[in-house]
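Reviewing the structure listed below.
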Number of protein chains: 2
Amino acid sequence: MRTLTKRQREILDFILETIEKYGRFPSYREIGAHFGLTSPATVSQHLEALAAKGALHRRGRHYSPAEAVRRDQGIPVLGRVAAGSPITAVENIEERIQWNRLGGEHCFAVRVLGNSMVDEGIREGDLAIVEPCDEVRNGELIVAYVGEDQEATVKRYHRSRDVIELRPANRAYRPMRFSTADPHLRLAGRVVAILRRF
Amino acid sequence: MRTLTKRQREILDFILETIEKYGRFPSYREIGAHFGLTSPATVSQHLEALAAKGALHRRGRHYSPAEAVRRDQGIPVLGRVAAGSPITAVENIEERIQWNRLGGEHCFAVRVLGNSMVDEGIREGDLAIVEPCDEVRNGELIVAYVGEDQEATVKRYHRSRDVIELRPANRAYRPMRFSTADPHLRLAGRVVAILRRF
DNA sequence: GTTCCCGTCGAACGATCCTTCGATATTGTG
DNA sequence: CACAATATCGAAGGATCGTTCGACGGGAAC
């Protein structure tokens with residue numbers, strides 16, 4: 001993508017903002033009004049320039065932001081960095097973290113309390129990202145609301161005939177046992193990711 | 001937001017998909033064509049219904065998706081769950097993880113190799129999310145490209161007068177030392193988050 | 001100093017858009 | 001059974017949209 005002029009950058013930013021806020025492409029006249037341009041022809045030329053430089057794609061009468069300029073496409077995961085190249089060069093990109101995929105439609109997160117899972121590298125304050133589900137396989141990492149308080153707990157799930165066991169990953173803690181129908185155990189779902197922010 | 005009919009749900013999904021893909025709201029005729037509807041009037045009625053139920057907002061002649069249905073608004077972080085309430089009830093929401101904020105404009109991620117940071121709960125395969133910067137404070141968690149290979153490394157940064165030390169969090173490893181001008185040490189940036197996917 | 005790119009204007013045209021109106025069929029609720 | 005909500009059609013009118021054309025000025029490059 002060739003470099004944009006200051007004006008083009010401004011206009012591109014305005015377009016991206018409008019899409020983020022309102023979920024639609026601004027009309028030429030809207031763009032014009034925002035920058036004090038009275039003629040749609042002026043805007044038209046800017047959009048053509050943006051398309052020529054690869055910042056926008058054109059399909060019929062419609063423009064859409066090129067992938068490279070979108071802000072919601074997740075962040076790149078860099079692999080080995082080619083010698084001498086700038087770190088963020090495109091050839092180093094392994095994949096992209098798709099935030100939207102990570103936390104699907106109904107996902108939510110809970111904050112981890114205590115350190116019963118430290119041996120698996122899950123620490124107090126971490127966020128467990130949970131995909132709600134009613135059934136999980138043995139050995140899976142899950143979140144459940146347990147006890148009178150219905151406090152959120154991250155554990156490994158193990159079920160035998162009539163006992164459900166929630167196992168910690170810390171020798172100092174003991175597994176929690178529940179009968180399969182115990183109302184004090186409410187399964188929230190499967191942990192699909194752990195996030196720790198600094 | 002009142003419950004949507006199956007048809008309304010389908011149409012809303014199509015709208016959200018179009019916005020995600022092309023960054024613009026689909027026209028009535030596009031929506032119609034996608035579902036085999038020949039009259040824009042039909043689509044108009046559906047959109048009105050969606051707006052009446054709060055799934056879309058209307059501003060003049062334009063619609064935009066309500067916050068509640070947007071897929072890019074981050075996922076909720078649940079705190080203590082009020083007794084007897086459904087787990088995902090709104091009153092339990094502590095905050096929201098704003099993916100877009102988490103990985104700012106120029107952020108990227110690198111995969112963690114080896115287990116030199118296990119004592120801080122950072123394990124092989126985790127993704128370190130990096131905010132590029134040229135200067136960091138002592139003690140901060142950073143990512144640097146080191147050695148001939150320029151391999152990405154996560155460590156704690158400590159700088160004295162003329163030595164930069166990258167400290168692991170694992171007794172089995174030793175700190176790496178560099179002179180302040182060593183070209184074999186290239187600082188990538190500060191670690192703002194750790195992400196582990198399952 | 002001429003040439004080129006960038007940014008701008010205004011007017012007019014045709015394409016596309018959303019809305020409105022009247023009409024029909026199905027489904028579920030009271 | 002009657003009534004409301006849902007789901008659809010087709011036609012027509014008026015609003016809005018993007019496009020095109022011709023023109024102007026400033027700055028940078030040659």
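Because only heavy atoms are used, hydrogens play no part in the values below, and waters and symmetry mates are left out as well, while side chains stay in. Numbers restart at 1 for each chain; the letters A, B, ... are given by sequence-line order, proteins then strands.
- Atom CZ of A:R59 and atom P of D:dG18 are 16 Å apart (whole Å).
- Under a 3.5 Å cut-off, the side chain of A:E30 and the backbone N or O of A:S27 do form a donor-acceptor pair.
- For the pair B:R61 and B:A49, nearest-nucleotide mapping onto DNA chain D gives the more 5' position to B:A49.
- One can place CZ of B:F25 at 13 Å from P of C:dC17, the figure rounded to the nearest angstrom.
- Across all strands, A:Q8 comes closer than 4.0 Å only to sugar-phosphate atoms, never to a base (heavy-atom distances).
- We find that A:E120 and A:R156 are joined by a salt bridge, their nearest charged nitrogen and carboxylate oxygen being less than 4.0 Å apart.
- Atom OH in B:Y28 sits about 16 Å away from atom P in D:dA7, given to the nearest Å.
- Listed for the B:E140 side chain is a donor-acceptor partner under 3.5 Å among the backbone atoms of B:R137.
- Remark: P of C:dC18 and CZ of A:R24 are 11 Å apart, rounded to the nearest angstrom.
- For the pair A:L47 CG and C:dC6 P, the interatomic distance rounds to 15 Å; values are reported in whole Å.
- Within the 3.5 Å criterion, the main-chain N or O of B:D134 finds no donor-acceptor partner in the side chain of B:R190.
- What separates CD of B:E48 from P of D:dT6 is a distance of 12 Å, to the nearest Å.
- Side-chain nitrogen and oxygen atoms of B:K53 include at least one within less than 4.0 Å of the OP1 or OP2 phosphate oxygen of D:dT6.
- In this structure, CZ of B:R29 is placed 12 Å from C1' of D:dA12, rounded to the nearest angstrom.
- Contacts with DNA chain D (heavy atom under 4.0 Å) in residues 34-46 of chain B: B:G36, B:L37, B:T38, B:S39, B:A41, B:T42, B:Q45, B:H46, listed by number.
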Would B:L185 and B:I164 count as a side-chain contact (heavy atoms from CB on, under 4.5 Å) if you check the C-alpha gap in whole Å, the side-chain angles of each, and the deciding distance to 0.1 Å? CA-CA 9 Å; B:L185 171 65; B:I164 293 172; 3.8 Å; yes
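- Nucleotide C:dC6 holds its P atom 12 Å from the CG atom of A:L50, rounded to whole Å.
- Residue B:T5 places at least one side-chain N or O under 4.0 Å from the OP1 or OP2 atom of D:dA7.
- Backbone-only engagement by B:R7 is indicated by non-hydrogen atom pairs under 4.0 Å involving sugar-phosphate atoms exclusively.
- Other residues, nucleotides and ligands contribute only 12 or fewer heavy atoms inside 6.0 Å of the CZ atom of A:R177.
- Side chain of B:R29 to backbone of B:S39: no donor-acceptor contact under 3.5 angstrom is found.
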